[in-house]
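This report concerns only the one structure given below.
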Protein chains: 2
Amino acid sequence: MAQHDLNIVHQQCGDCPIRHRAVCARCETDELQQLEEIKYYRSYQAGQTIIWSGDRMDFVASVVTGIATLTQTMEDGRRQMVGLLLPSDFVGRPGRDKAAYDVTATTDLVMCCFRKKPFEEMMGKTPHIAQRLLEMTLDELDAAREWMLLLGRKTAREKIASLLAIIARRDASLKLKTQKGALVFDLPLTREEMADYLGLTLETVSRQVSALKRDGVIELQGKRHVIIPNLDRLIEEAGDDSDGGFLI
Amino acid sequence: MAQHDLNIVHQQCGDCPIRHRAVCARCETDELQQLEEIKYYRSYQAGQTIIWSGDRMDFVASVVTGIATLTQTMEDGRRQMVGLLLPSDFVGRPGRDKAAYDVTATTDLVMCCFRKKPFEEMMGKTPHIAQRLLEMTLDELDAAREWMLLLGRKTAREKIASLLAIIARRDASLKLKTQKGALVFDLPLTREEMADYLGLTLETVSRQVSALKRDGVIELQGKRHVIIPNLDRLIEEAGDDSDGGFLI
DNA sequence: TGGCGGTTTTGATCCATATCAAAGCTGCGT
DNA sequence: ACGCAGCTTTGATATGGATCAAAACCGCCA
């Protein structure tokens, strides 16, 4: 049960069989106990907005199940997704009291929240937490920079391939099955959300997804169920040199 | 002298007259002393590459004077700038030993470096430093996300206006003169570097800079010396709703 | 079983920006 | 003062993706 909420303070321990960022019972310490005391859960329905940009935000949180997005919107309605939060990802900024982005649940969602004030106090006392949070934030920054390359320089086809590769990998690592066969997953985003992620229009997304399917890079069952027969081929299409979005 | 290197651990203190992130003699503590002992300076010439992506990087550093960039490059040569480092900005990742991006000096540059190992050890002992670093990293993440909106959704003209506004503001804040008159500065980037920042070609950058000049949004003396008669006008052109790049 | 809203695909056309090419400008070393 | 290299501008043309429009699909509720 008490699952992903713990990962915030998880310290990797050498011989622990459980992957990085997941729960590791052997790591429990005093701090975890303290965190337990200030945490609570919140659920949201698909499509529900969790916070609007500019709103007061008096908690930080970790996604337990489901998917949330961070988006920025210009006055004339142009939208750009700037964060995609999958289970175990962290939301919120110790040290700022206003949300900088709209946070939206794109699927049904459960978050594990910590009231910000006590969380910050704990951080001051326990270097572990600040360090773990720094590490996570640096990972996010790397992901954001990878994303900037995608937005600034990749073609529409490369963008789609990149997004599919990112989701496929994240999904595979969540499932813990690292078998090398075909990857299979359900797209958690609509075409429009994909477009907002990639800086494209939904029509272009649709066309390029069809093109990748036509060219045998991916297979589709229905609109959302994706099969990646050959991940390397997909990655090649993505034009990616990096080892890629190990983190969104 | 010992200037920007200290800002890393600077804790804002209420009645201190010196701006955030700059040196504050009154804040000196034991940690600062320890940092003093592991620091050293390095100088680079304009155009020199400091580190290549993938290289081993055994230090973290703070820019003292000059400007550096972080860029990513695809195999076919497409380039995207993903970080612009101005004086007082921090480079390097505690916890990773390889550089993820090319780091290049675009002007003559002085950095204040700390060997990574002892720096990390210090971080483990002094929560101040980890917390300050977290704060800085979160600011950088915000800046990266603002940048993503620019790359994904803004027009070429808006991109140029945004970049000029960002540089103008950073520059004004470095000069400490917050007077409301015209802003004046020298562009620290070539047209090509601006293009790599903005996800455009250098020709488009040139054309749009000319267009902003023609329309009276900016004035130019020579190619590089820029005068912003009216910052609000420029910001309007940038299509920006946020309070904008207080940090790159 | 049928209709209805939301999503997705497909088609036709347009336009902002890329691409290719050449000429102008600027500063620096001799 | 001259010439050269690296920037920058300007022009002509091409094109990838946006935009506008309509049809197809899909699940869901009455």
Side-chain angles (χ1 to χ4, degrees), chain A residues 45-48 74 76-80 104 106-108 150-164 186-215 218-226 237 239, chain B residues 45-48 74 76-80 104 106-108 150-164 186-215 218-226 237 239:
Chain A
Q45 296 182 337
Q48 215 178 336
M74 297 171 69
D76 60 5
R78 280 176 282 174
R79 290 163 55 84
Q80 176 64 52
T104 311
T106 60
T107 65
D108 288 345
L150 177 150
L151 289 170
R153 296 301 187 191
K154 289 190 180 178
T155 65
R157 172 184 261 246
E158 288 169 337
K159 286 179 175 182
I160 300 286
S162 300
L163 175 54
L164 292 175
D186 283 303
L187 265 182
L189 303 174
T190 66
R191 298 291 184 259
E192 185 172 21
E193 285 161 345
M194 292 173 69
D196 285 342
Y197 185 109
L198 300 170
L200 297 171
T201 58
L202 64 118
E203 293 95 329
T204 299
V205 170
S206 174
R207 278 185 244 270
Q208 296 296 337
V209 169
S210 300
L212 288 176
K213 178 183 170 188
R214 171 171 41 72
D215 299 345
I218 61 173
E219 290 163 32
L220 283 180
Q221 282 168 1
K223 312 289 186 188
R224 297 293 194 90
H225 194 73
V226 181
E237 289 283 351
Chain B
Q45 297 182 337
Q48 215 179 335
M74 296 171 69
D76 60 5
R78 281 175 282 174
R79 289 163 54 85
Q80 176 64 52
T104 312
T106 60
T107 65
D108 288 346
L150 178 150
L151 289 170
R153 295 303 188 188
K154 288 190 180 178
T155 64
R157 170 183 263 246
E158 288 168 336
K159 285 178 175 181
I160 300 287
S162 300
L163 176 55
L164 292 174
D186 283 304
L187 265 182
L189 303 175
T190 66
R191 298 290 185 259
E192 185 172 21
E193 284 161 347
M194 291 173 69
D196 284 342
Y197 186 109
L198 300 170
L200 297 171
T201 59
L202 63 114
E203 293 96 328
T204 299
V205 169
S206 174
R207 280 184 243 270
Q208 296 297 336
V209 169
S210 300
L212 288 176
K213 178 183 171 189
R214 170 172 43 70
D215 300 344
I218 62 174
E219 291 162 32
L220 284 180
Q221 283 169 0
K223 312 287 187 192
R224 296 293 195 89
H225 193 72
V226 181
E237 289 284 351

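Numbers restart at 1 for each chain; the letters A, B, ... are given by sequence-line order, proteins then strands. Below, all heavy atoms of this structure are taken into account, side chains as well, without hydrogens, waters or symmetry copies.
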Using distance only, find each side-chain donor-acceptor pair of residues 203-213 of chain B under 3.5 Å and give its atom names and separation, not counting sequence neighbours.
from	atom 1	to	atom 2	distance (Å)
B:Thr204	OG1	B:Thr201	OG1	3.1
B:Ser210	OG	B:Ser206	O	3.0

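- Inter-residue side-chain proximity for A:Asp186 and A:Val226 is flagged as unmet; no heavy-atom pair is nearer than 4.5 Å.
- Contacts between chain A and DNA chain C, taken as any atom within less than 4.0 angstrom of a protein heavy atom, begin and end at C:dT8 to C:dA12.
- Taking the nucleotide of DNA chain D with the nearest heavy atom to each of A:Gly222 and A:Thr204, the more 5' of the two is matched to A:Thr204.
- In the helix from C:dT1-D:dA30 to C:dT30-D:dA1, the rotation axis of the first five pairs and that of the last five pairs differ in direction by 30°, rounded to 10 degrees.
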Please write out each protein N/O paired with an N/O of nucleotides 5-9 of chain D under 3.5 Å, distance rounded to 0.1 Å.
from	atom 1	to	atom 2	distance (Å)
D:dT8	OP1	B:Arg224	NE	3.0
D:dT8	OP2	B:Arg191	N	2.7
D:dT9	OP1	B:Arg191	NH2	3.2
D:dT9	OP2	B:Arg191	NE	2.7
D:dT9	OP2	B:Ser206	OG	2.7
D:dT9	O5'	B:Ser206	OG	3.2

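- A heavy-atom distance below 4.5 Å is found between the side chains of B:Met74 and A:Lys154.
- Nucleic acid contact class of B:Gly199 (heavy atoms, under 4.0 Å, all strands): sugar-phosphate only.
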field: A:Arg224/A:Leu189 under side chain to side chain contact (heavy atoms under 4.5 Å, CB included): CA gap, chis, key distance, verdict
entry: CA-CA 8 Å; A:Arg224 297 293 194 90; A:Leu189 303 174; over 6 Å; no

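- Residues meeting the salt bridge (Lys or Arg N to Asp or Glu O under 4.0 Å) test with A:Arg191, sequence neighbours left out: none.
- The line from CD of A:Gln80 to CG of A:Asp196 is 7.0 Å long, rounded to the nearest 0.5 Å.
- Residues satisfying the side chain to side chain donor-acceptor pair (under 3.5 Å) criterion with A:Asp108, sequence neighbours excluded, are absent altogether.
- Side chains of A:Glu158 and A:Arg153 form no contact here, defined as non-hydrogen atoms less than 4.5 Å apart.
- Contact between B:Thr106 and B:Glu193 at its shortest, heavy atoms only, is CG2-OE2, 3.5 Å.
- Within the structure, a side-chain polar atom (N or O) of A:Thr201 is placed less than 4.0 Å from OP1 or OP2 of D:dA18.
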- request: Test A:Leu187 against A:Met194 for side chain to side chain contact (heavy atoms under 4.5 Å, CB included), laying out the working first.
  value: CA-CA 10 Å; A:Leu187 265 182; A:Met194 292 173 69; 3.8 Å; yes

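- In this entry the distance linking CZ of B:Arg153 with P of D:dG17 reads 13 Å, nearest Å.
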